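A quick write-up on the structure given underneath.
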Amino acid sequence: MVVTGRLALCAAAAAPVVAFVLPSWIGVLAMTVVLLILIGVDLLLCPTDALEAERIPMTTVRVGATTTIDLVVRNRGTGAVRALLWDNWPDSAGAVAKTHRLRMPPDSTVTLRTTLRPVRRGDRVAGPVTIRSFGPLGMAGRQVHHRVPATVRALPPFRTERILAAEVKRLQQLDGRSVAVLRGAGSEFDSFREYVAGDDVRSIDWRATARASDVLVRTWRPERHRQLLLLVDTGRSSAARLGESPRLDIMIEAVLLLGALAAAGGDTVDLLAFDRRVRAELRGVRGKAVQPKLMHALSGIVPALVDTDTTAMVRTAIGHTRRRGLVVWFTSLDAAVVEENLLPVLPVLASRHRVLLVSVTDPEIAAAAQRRDDFAEVCGAAAAEHLLAERDLVRETLRRRGIDVVAAAPDRLPEVLAEEYLELKRAGAL
């Protein structure tokens with residue numbers, strides 16, 4: 001049971017009656033009985049189960065964008081209903097206008113809209129719908145909770161989608177480029193064409209020329225139908241904040257761009273997010289399905305505050321994809337992490353696949369290395385320079401072992417990784 005401000009006004013109006021007309025316990029009792037009768041009438045005539053609510057169980061929206069959730073309310077009763085309705089959502093869903101006033105005649109339907117703007121990735125589950133209905137006198141009412149399941153999945157924002165079209169265009173130009181500049185181990189034969197002045201004579205196919213009336217040259221295209229495994233480290237190091245975002249969010253941005261570009265290049269994309277167990281997994285995705293599936297798979301991933309079991313991670317990755325391909329491992333390249341966790345297991349993975357390590361660099365370290373205005377900043381610059389030297393040493397050590405490395409600042413990483421993929425595609429090295 002709930003009471004309203006109208007009951008308080010009636011009680012305030014009854015106070016002068018008790019004070020001046022019936023200044024006794026009998027007057028107090030009489031006014032109390034009158035108020036109780038009014039409350040009883042409201043509760044007796046208040047509709048309890050007349051309202052039903054339903055909505056779409058799943059909605060998706062990108063982080064930072066807005067979406068509208070429709071809540072359909074029906075009055076199944078025989079009388080009119082006056083009520084207040086609260087559509088409860090967690091604060092991280094960014095709900096606007098969660099409270100609605102209802103005045104519904106019998107057998108009517110109304111659609112209530114709640115605007116959501118999630119501020120971070122993941123699923124946001126709706127709370128119960130609370131309905132407070134009032135009697136005809138408006139002094140008291142009843143409050144009930146309805147479970148109306150609904151989930152809003154906040155997908156990664158994918159801000160680098162704006163450069164995807166340009167990268168795909170470069171890939172298409174690469175796909176149409178001809179002859180010897182694309183020849184090499186792993187490149188795929190495309191077709192023959194007539195020889196023109198300026199072509200490399202090494203591209204002439206003499207057997208085809210002997211069967212034809214013209215001199216023919218071979219044309220080549222970038223490799224297609226290659227295997228690309230995106231291996232994401234979701235352990236403790238992925239929780240570090242670099243600039244305004246956690247390392248994991250920056251890696252996810254790069255994963256989305258690379259996955260979409262690989263799909264445009266005709267490659268098969270797999271995903272494995274791992275720390276000490278599998279957090280997300282995709283197998284054999286191709287074409288237009290790559291981007292949405294990656295976004296859904298990565299939307300709910302959060303860093304686990306544990307050290308990544310790299311041995312189990314490599315074992316799972318090898319079991320995940322038997323066919324030789326390119327493994328893009330998103331992780332941290334801190335000297336201690338590389339020496340203790342990566343170097344012991346990388347040879348096993350590199351013997352079966354081509355490995356590309358991807359890491360986000362901390363822009364604060366590079367900035368600190370340039371500041372030398374006072375003694376404290378000089379000390380900080382020395383420490384930063386030491387870290388930068390360690391990073392360069394780690395990259396050189398990995399390269400000598402045949403491991404490619406891509407390391408860039410948060411705002412540059414997706415684009416630099418896309419360029420590296422195009423370079424590998426051009427060289428036929430996937």
Side-chain angles (χ1 to χ4, degrees), residues 1-13 35-157 295-296 299-300:
M1 184 191 79
V2 295
V3 295
T4 67
R6 186 174 297 183
L7 179 64
L9 291 176
C10 291
L35 293 177
L36 291 176
I37 291 174
L38 295 177
I39 292 173
V41 170
D42 256 358
L43 293 178
L44 184 63
L45 299 179
C46 176
T48 54
D49 300 324
L51 298 183
E52 296 179 355
E54 63 180 24
R55 54 188 163 194
I56 298 175
M58 172 65 79
T59 305
T60 59
V61 62
R62 293 191 186 184
V63 171
T66 59
T67 186
T68 301
I69 305 298
D70 291 341
L71 179 67
V72 179
V73 182
R74 295 182 177 87
N75 181 7
R76 299 296 190 185
T78 58
V81 174
R82 292 191 307 113
L84 282 176
L85 183 144
W86 288 272
D87 192 4
N88 297 306
W89 288 89
D91 292 339
S92 60
V96 179
K98 297 191 292 185
T99 304
H100 307 273
R101 291 186 177 274
L102 301 178
R103 291 181 179 272
M104 302 180 62
D107 197 23
S108 62
T109 301
V110 64
T111 300
L112 307 176
R113 293 182 174 176
T114 301
T115 301
L116 303 181
R117 184 175 181 141
V119 296
R120 63 174 184 269
R121 295 178 292 104
D123 290 348
R124 304 292 176 266
V125 180
V129 174
T130 302
I131 300 177
R132 181 180 293 177
S133 54
F134 304 101
L137 301 179
M139 294 189 179
R142 299 180 185 273
Q143 181 169 299
V144 294
H145 302 285
H146 294 273
R147 298 296 305 179
V148 187
T151 301
V152 170
R153 175 162 293 172
L155 303 176
M295 296 183 79
H296 280 273
S299 62

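All values below were derived from every heavy atom in this structure, side-chain atoms included, with hydrogens, water molecules and symmetry-related copies excluded. Keep in mind that what you see is a predicted model, and the values were worked out from it rather than measured.
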Straight-line distance of [X] [atom1] to [Y] [atom2], nearest 0.5 Å:
X	Y	atom1	atom2	result
Thr109	Glu52	OG1	CD	10.0 Å
Asp123	Met58	CG	CE	5.5 Å
Leu116	Asp87	CG	CG	8.0 Å
Ile69	Leu112	CD1	CG	13.0 Å
Arg132	Leu102	CZ	CG	13.0 Å
His146	Glu54	NE2	CD	12.5 Å

Please name the residue in the list Asn75, Val144, Val129 that meets the side chain to side chain contact (heavy atoms under 4.5 Å, CB included) test with Leu51.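 Among Asn75, Val144, Val129, the one that satisfies the side chain to side chain contact (heavy atoms under 4.5 Å, CB included) with Leu51 is Asn75.
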Among Ile56, Leu85, Val110, which residue meets the side chain to side chain contact (heavy atoms under 4.5 Å, CB included) test with Leu71?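 Checked Ile56, Leu85, Val110 against Leu71; only one passes side chain to side chain contact (heavy atoms under 4.5 Å, CB included): Leu85.
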Which atoms form the tightest heavy-atom contact between [X] and [Y], and what is the distance?
X	Y	value
Pro90	Val125	CD-O, 3.4 Å
Ala150	Arg55	CB-NE, 3.4 Å
Pro118	Ala65	CD-O, 3.7 Å

All side-chain contact (heavy atoms from CB on, under 4.5 Å) counterparts of [X], not counting sequence neighbours:
X	value
Ser299	Arg153, Leu155, Pro156
Arg117	Thr66
Val119	Ser92
Val63	Arg121, Ala154, Pro157

Applying salt bridge (charged side-chain N to carboxylate O under 4.0 Å, His left out), can you list everything that pairs with Arg82, at least two apart in sequence or on another chain?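 Once residues adjacent in sequence are excluded, Arg82 has no partner under the salt bridge (charged side-chain N to carboxylate O under 4.0 Å, His left out) criterion.
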Set of salt bridge (charged side-chain N to carboxylate O under 4.0 Å, His left out) partners for Arg124, sequence neighbours left out: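 Arg124 satisfies salt bridge (charged side-chain N to carboxylate O under 4.0 Å, His left out) with no residue once adjacent residues are dropped.
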Are the side chains of Leu84 and Arg101 in touch, meaning some heavy atoms are under 4.5 Å apart?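 In contact.
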Is there a donor-acceptor pair closer than 3.5 Å between any side-chain N or O of Asn88 and the backbone N or O of Pro128?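 Checked: pair present.
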Side chain to side chain contact (heavy atoms under 4.5 Å, CB included) assessment of Val61 paired with Val152: CA-CA 7 Å; Val61 62; Val152 170; 3.7 Å; yes
